[in-house]
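Reading through the structure tokens given below for one structure.
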Amino acid sequence: MLSVHQFVRRFSTSQSMLSKLRIAIIGQSTFASGVYKLLRQDGHKVVGVFTVPDQGNREDPLASVAKEDSIKVFKFPRWRQKGKVLPDVLDQYKSVDANLNVLPFCTQFIPMDVINYPENQSICYHPSLLPCHRGMSSINWTLIHGDKKAGFTIFWADDGLDTGPILLQKECEVYPDDTVDSLYNRFLYPEGMKAMAEAVNMVANGTAHRIPQSEEGATYESALTKKELSEIKFDQLNAEQLHNFIRGMDKVPGAWTHLNGQFVRVYGSRIWSVPVPSGQEVTVEGMKQPAIVHKEGLVLFGNDGKPINVQKLMFEDGKMINAAKYGQSQDEIQEIELTEEELKLADSVKSIWTGILNLQVSDETDFFKSGAGSMDVARLVEELKEKCNVQLENEDVYLSTVFKEFIKIVVLKSRGVSSGPLLDFDSVKIKTNNLDLEFPRQLFINNQFVDSTNDKKLKSIDPSSEKLLCEVESASRQDVHKAVMAAKVAFEEGEWSKINARDRGRLMYRLADLMDEHKEELATLESLDSGAVYTLALKTHVGMSIDTWRYFGGWCDKIQGSTIPINHARPNRNLTFTKKEPIGVCGIVTPWQCFLQQCKQPSSKRPSSMGNFVLKPAQVSPLSALKLAELSVYAGFPPGVINILPGTGSVCGQAIADHPDIRKLGFTGSTLIGQQIMKSCASSNLKRVSLELGGKSPLIIFSDCDMDRAVRQGMGGVFFNKGENCIAAGRLFIEESIHDEFVKKVVEEIKKMVIGHPLDRSTAHGPQNHKAHLDKLVEYCDIGVKEGATLVCGGKRVKRPGFFFEPTVFTDVQDDMYIAKEESFGPVMIVSKFKESEIDDVIKRANSTEFGLASGVFTRDLSKAMYVSDRIDAGTCFINCYNKTDVAAPFGGFKQSGFGKDLGEAALNEYLRIKCVTVEY
Ligand code: NAP
């Protein structure tokens, strides 16, 4: 059976037949004023606005916008007396001659004489999925009851309480940490306004439904207006109910209790699923055990003894603080010097305050003490967004209530600096490498570190000791959906979608600078998590990643289209131009090879081209990705732009590939999984894909090469990062006359390689990434031996704890052998000979693979080198060097090594779409 929601969507028809209506808007608030604007944009005539009387000297925003357009405004204190409509009020209402009443948000009781008066009667917005949660506090009750779905209903007003027939209904998921504010801001407000306009258009073109409400599942709950209803009854609520109760009151009316005898309202609740931290104990009225103030907030307990954590406290005088600071003196916000432009911004903010408070605003004016309430907070946030292009959270207003402090927050936000509270996450702390390392272990969604919804964990194992480093949250499909929605909202209407291209670049530079400042921590994490040798990680993995963010940061304001001469439609003239637009929300899935080395993925692709992304690092090495997420918040990236979800390929990776709102997937990994990904991308929503897949890159060494250089670079080609390198030289072809000397020199050099702990500065060769990979390498070499190749050295595990594998050399490898064809992704040199002067033959052998990622050639004869590079079938060809990649040089494979470029200018186009605009004049 179809739900009301599905029914209404299915039978909604086009608006092509739209006739215009004469509308009376009855309601109040910025929501009503937003609806007012949309209705006028759609061409309807608003013939009158009926709102509440001014409060003190403050007028409702609906009245203000209507007055600006010279629309008649009525401010009746009441519509009826003793149950009867006031005749004078009714006459005034009738005088506007509306044919539809629209009630977007109305707190007054409107008599049936008015409801039924217009030809099309009255439609009304209600923030719940009716018949559930009828009554005034429906959003609160949605959360207090722990509903998994929320939404709104537009219904035909009748004489009951939210009982009229349904016209339109839209639903959304409720996230585990949603509050009244977050639900309202992310769905009920923006989508509700649009839906009101949609409903009016349905009435206009005669397609509006009237679906009677069922009494089944109907609930009526009391309005949360009385103070006693928001008191926390600790003895009656388990931890989950406590969490739901607090978020169901967040921000209005605010659940309250007494801390050490002091009245406080509590906000920002999360279920606390990790061990209870130590901290200062405080007594809470009605709670069996003391609450704990700690670095990340205040832990409270349900009657089942389980903890939750709250982040903010508000005292009776309206002053809000971070709960972590309870009992301590508050930090002042630093003084900042305003530029000329920021002084103008301060003036605009002052006029918004003046408009809301209707009084002379000075530096010392306090928003709440001047009479503002919670609806004014919403209005302030909305007006700032609209008029100053600055996106604040409601919380920012509560935390800085005095104008001179508030303006600092606004300016910092406009500079892209996060003014919010300290990032709240559940961290892992390790003392190592002369550092106190601290990093997150949770999913990173919408600039918050959160637990996964399925309670599953990944184990991060230190490959040099085989011991557990920590457990990391593992994302579910639901988490992927949540992250995609956050990215979508940020992409379509968040700060990132409005920010100037140059400012976007500035943020990327800032992240690069922060990575530079934290490079020792990042490189240590790469070592611990993936076994990368520290010195190499510092220079290459972290260093190149920093370069990549800077390089693409520089591209941000250089993405431009072209003008195209088309035939004019004479006698008129035409202009055709193209624009490069971001493609939308992108997914990224990376392999276990050190994450930061893969950072060309997130940096090159998304921020420069404005698309937001959801990234899954490999389950066995997610730590540096999470550290990067943390730094991105400090750099000032707005919520939703960067989302990082550690998880398994089969669940999290697959959910990204399947998600209908992801428009592009950048995948790096094996060819086998790449093929599977492409199928999923095609069947889900035809999302664009770029694939950076496996390789078996040939390296041809001619006898006229610089031998020492060829040995050094050839070894680098194979053993760099213990062979865990996609462009590793997978097969060496050595000209017969130098073959033995080359192999001898390689073996001598291998003997000098120090195998050891990756954090030791003298180590040249660290452990393989994880156990399964190590086992595969052992098997790979066993096959080589069985097939008759000569094992010159290595081929087995190093006798020490950790996943160490000996640097290995095979010679006499024939073209049809398994090890000649398959990638090892480990420290295994595969050597084959070729005869003097048989250039074409060796090129043919080098090309006889389905891979085509990279290749190399060593010779002093440049013509010969160019001849090889012209004919080799690979995306990259190194001449007299190897592994010489650079952020400015395009990188990507041919054939089954994938398609799409990762670095250089070419990478930008992977995440842009071209729009062609033609004008006639
Ligand atoms: P992989 O097994 O293909 O895995 C790559 C990523 O895909 C991992 O995050 C994996 O998740 C995820 N995944 C697995 N199944 C999935 C599914 N059904 N849907 C979506 N995602 C899924 O590769 P790997 O073993 O990690 O990495 C080694 C391979 O990567 C080698 O072949 C190497 O050549 C290649 N590589 C290529 C490049 C390049 O630029 N061309 C660079 C580096 C590496 P899990 O975490 O569960 O494994």
Side-chain angles (χ1 to χ4, degrees), residues 456 458-460 472 474-475 477 480 529-530 541 544 587-601 604-605 614-622 625 644-659 662 665-681 683-684 687 689-697 720-730 768-777 780 822-826 849-854 874-876 883 885 890-903 907 910:
K456 294 234 162 74
L458 304 170
K459 287 189 189 316
S460 170
V472 172
S474 178
R477 279 187 91 84
V480 170
D529 201 16
S530 68
H541 304 167
M544 191 166 169
I588 311 174
V589 176
T590 66
W592 45 260
Q593 175 200 12
C594 311
F595 169 77
L596 286 173
Q597 219 187 338
Q598 302 300 314
C599 233
K600 52 189 194 281
Q601 303 282 335
S604 69
K605 294 174 178 175
V614 176
L615 182 149
K616 183 198 103 61
Q619 55 172 304
V620 287
S621 41
I644 303 225
L645 301 182
T648 62
S650 54
V651 176
C652 174
Q654 190 62 50
I656 291 175
D658 290 340
H659 203 288
I662 291 184
L665 178 57
F667 173 78
T668 307
S670 62
T671 298
L672 189 70
I673 303 291
Q675 286 170 331
Q676 202 173 322
I677 295 260
M678 218 171 141
K679 277 187 208 152
S680 305
C681 290
S683 59
S684 54
K687 57 175 74 65
V689 205
S690 53
L691 300 173
E692 298 291 346
L693 307 178
K696 184 74 179 168
S697 303
F720 171 86
N721 198 41
K722 2 99 194 199
E724 291 168 1
N725 175 20
C726 52
I727 53 167
Q768 303 305 139
N769 186 291
H770 56 278
K771 175 78 166 52
H773 179 47
L774 178 78
D775 293 343
K776 270 198 189 152
L777 286 177
Y780 185 90
E822 294 302 324
E823 180 187 32
S824 73
F825 215 58
T849 163
E850 270 301 298
F851 294 112
L853 192 56
T876 292
N883 280 337
T885 51
F891 178 87
F894 293 169
K895 300 192 283 188
Q896 293 202 36
S897 285
F899 48 81
K901 294 293 172 193
D902 250 357
L903 295 170
E910 298 290 332

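Atoms within each ligand, like the ligands themselves, are counted from 1 in listed order.
Using a 4.0 Å cut-off to heavy atoms of Val589, the atoms of ligand 1 that qualify are 6 (C), 7 (O), 9 (O), 12 (C), 21 (N). Taking every heavy atom of Thr648 and a limit of under 4.0 angstrom, the matching atoms of ligand 1 come to 47 (O). The distance from ligand 1 to the heavy atoms of Leu853 drops below 4.0 Å at these ligand atoms: 41 (N). Each of the atoms 3 (O), 5 (C), 6 (C), 7 (O) of ligand 1 lies under 4.0 Å from some heavy atom of Phe667. The contact set between ligand 1 and Phe825, taken as ligand atoms under 4.0 Å from a residue heavy atom, comprises 28 (C), 31 (C), 33 (C), 34 (O), 44 (C). Within ligand 1, counting atoms from 1 as listed, the ones closer than 4.0 Å to a heavy atom of Pro591 are 5 (C), 24 (P), 26 (O), 27 (O), 30 (O), 43 (C), 44 (C). With ligand atoms numbered from 1 in the order given, ligand 1 contributes 40 (O) to contacts under 4.0 Å with heavy atoms of Phe891.
We find the OG1-CD distance between Thr849 and Glu823 to be 10.0 Å, quoted to the nearest 0.5 Å. The NZ atom of Lys776 sits 13.0 Å away from the CD atom of Gln768 when rounded to the nearest 0.5 Å. Asn769 contributes atom CG, which lies 4.5 Å from atom OG of Ser621 (distance to the nearest 0.5 angstrom). A distance of 12.5 Å separates CD1 in Ile588 from CZ in Phe667, rounded to the nearest 0.5 Å. Note that CE of Met678 and OG of Ser690 are 11.0 Å apart. Values are rounded to the nearest 0.5 Å.
Of the candidates Gln676, Glu724, Lys616, Lys616 brings a heavy atom nearest to atom 10 (C) of ligand 1. Distances from atom 21 (N) of ligand 1 to the heavy atoms of Gly647, Ser680, Gly653 show the closest one on Gly653.
Residue Glu823 has at least one N or O atom closer than 3.5 Å to an N or O atom of ligand 1. Where the criterion is an N or O separation shorter than 3.5 Å, residue side chain and backbone included, Ser670 meets it with respect to ligand 1. Considering backbone and side-chain atoms alike, Gln619 places an N or O below 3.5 Å from some N or O of ligand 1. Between Gln654 and ligand 1, a contact under 3.5 Å exists for at least one N or O pair.
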Pair Thr876-Ile727, side-chain contact (heavy atoms from CB on, under 4.5 Å): steps then yes or no: CA-CA 9 Å; Thr876 292; Ile727 53 167; 5.7 Å; no
Verdict with supporting geometry, Met544 and Thr885, side-chain contact (heavy atoms from CB on, under 4.5 Å): CA-CA 9 Å; Met544 191 166 169; Thr885 51; 3.7 Å; yes
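A donor and an acceptor atom, one from each side chain of Gln654 and Ser680, are located under 3.5 Å apart.
Counting heavy atoms closer than 4.0 Å to ligand 1, residue Ile673 contributes side-chain atoms (C-beta onward) but none from N, CA, C or O. Under 4.0 angstrom from ligand 1, the non-hydrogen atoms of Ile677 all belong to its side chain.
The two residues Ile656 and Lys616 make their nearest non-hydrogen contact at CD1-CB, 3.9 Å.
Looking at Glu850, its side chain never comes within 3.5 Å of a backbone N or O of Lys895 through a donor-acceptor pair.
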